[in-house]
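Here the structure is a predicted model, which means the values were calculated and not measured. We count ligands from 1, going down the list as the structure has it; atoms in each ligand are counted the same way.
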Amino acid sequence: MASIFTRIVNGEIPATKIYEDAQTLAFLDVNPASRGHTLVICKQELPTLLDLPPDLLAAVGNSVQRVARAIMDALHPDGLNIVQNNGVASGQTVPHYHVHIIPRWEGDHALSHWKPGSITSEELRELAVTISSRIGGV
Ligand code: AMP
């Protein structure tokens, strides 16, 4: 069965997209640790870092940097966490390679206070427009 991220790539379920190219896609996390929390995925369904060929790993890395710059420009956080889980034991819940970009503000305790249901669909859409406009839209 296709992963939930493959279903997003195929347009079967919606996502608030930030950036897209031939090999990668970036969209907002529906359960964000902070405002602007974004996932960058490879479109090809491969489970973990260990499964990606070097060119695809590089493509994701380039997109992560591109999106991170747009987030800095749009939201002006004080910093960013790049988080990437591999395997259930690490906390990976979607077995389709992805990188978390988590904007951070001084004293926000975003990772320790990460809890579900903290953002509405409308807020996600507004954020996606704000960030994606910095990279020319989706
Ligand atoms: P991980 O724990 O590293 O596998 O992270 C998976 C992330 O995917 C979690 O932060 C979820 O909130 C997020 N997520 C799951 N389903 C969706 C979805 N349909 N759209 C956006 N983000 C999602």
What distance do Thr120 atom OG1 and Arg125 atom CZ have between them, rounded to the nearest 0.5 Å?
8.0 Å
Distance, nearest 0.5 Å, that separates CG of Asp51 from CG of Leu46:
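So the CG of Asp51 and the CG of Leu46 are separated by 6.0 Å.
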Is there a polar contact, in the sense of an N or O pair closer than 3.5 Å, between [X] and ligand 1?
X     : result
Asp29 : yes
Ile4  : no
Val94 : yes

Side-chain donor/acceptor of [X] to backbone N/O of [Y], under 3.5 Å:
X      : Y      : value
Asp108 : Trp105 : yes
Lys43  : Asp21  : yes
Asn86  : Leu49  : yes
Arg7   : Ser3   : no

Out of Val30, Val83, Leu124, whose heavy atom is nearest to atom 14 (N) of ligand 1?
Val30
Salt bridge check, Arg35 against Glu123: does any charged N sit closer than 4.0 Å to a carboxylate O?
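No, no charged N to carboxylate O under 4.0 Å.
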Hey, does Tyr19 have a side-chain heavy atom less than 4.5 Å from the side chain of Ser63?
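With C-beta onward as the side chain, the pair touches.
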Tell me which part of [X] gets within contact of ligand 1: side chain, backbone, both or neither, using heavy atoms under 4.0 Å.
X      : answer
His37  : neither
Trp114 : side chain
Gln84  : neither

Relative to each other, are the rings of His100 and Trp114 parallel, tilted or perpendicular (30° and 60° limits)?
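Taking Trp114 first and then His100, their aromatic rings stand perpendicular (interplane angle over 60°).
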Atom 4 (O) of ligand 1 [closest protein heavy-atom partner, distance rounded to 0.1 Å]:
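Checked against all protein heavy atoms, atom 4 (O) of ligand 1 sits closest to Thr93 N, 2.7 Å.
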How far is atom 1 (P) of ligand 1 from its nearest protein heavy atom, and which residue and atom name does that atom have?
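Sorting protein heavy atoms by distance from atom 1 (P) of ligand 1 puts His98 NE2, 3.1 Å first.
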Is there a heavy atom in Gly91 that sits closer than 4.0 Å to ligand 1?
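Within the 4.0 Å threshold, so yes.
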Looking at ligand 1, is there an atom of it that comes within less than 4.0 Å of some heavy atom belonging to Leu28?
yes
Would you mind listing which atoms of ligand 1 come within a distance below 4.0 Å of any non-hydrogen atom of [X]?
X      : value
Asn85  : 1 (P), 2 (O), 3 (O)
His100 : 1 (P), 3 (O), 5 (O), 7 (C), 10 (O)
Asn31  : 12 (O)

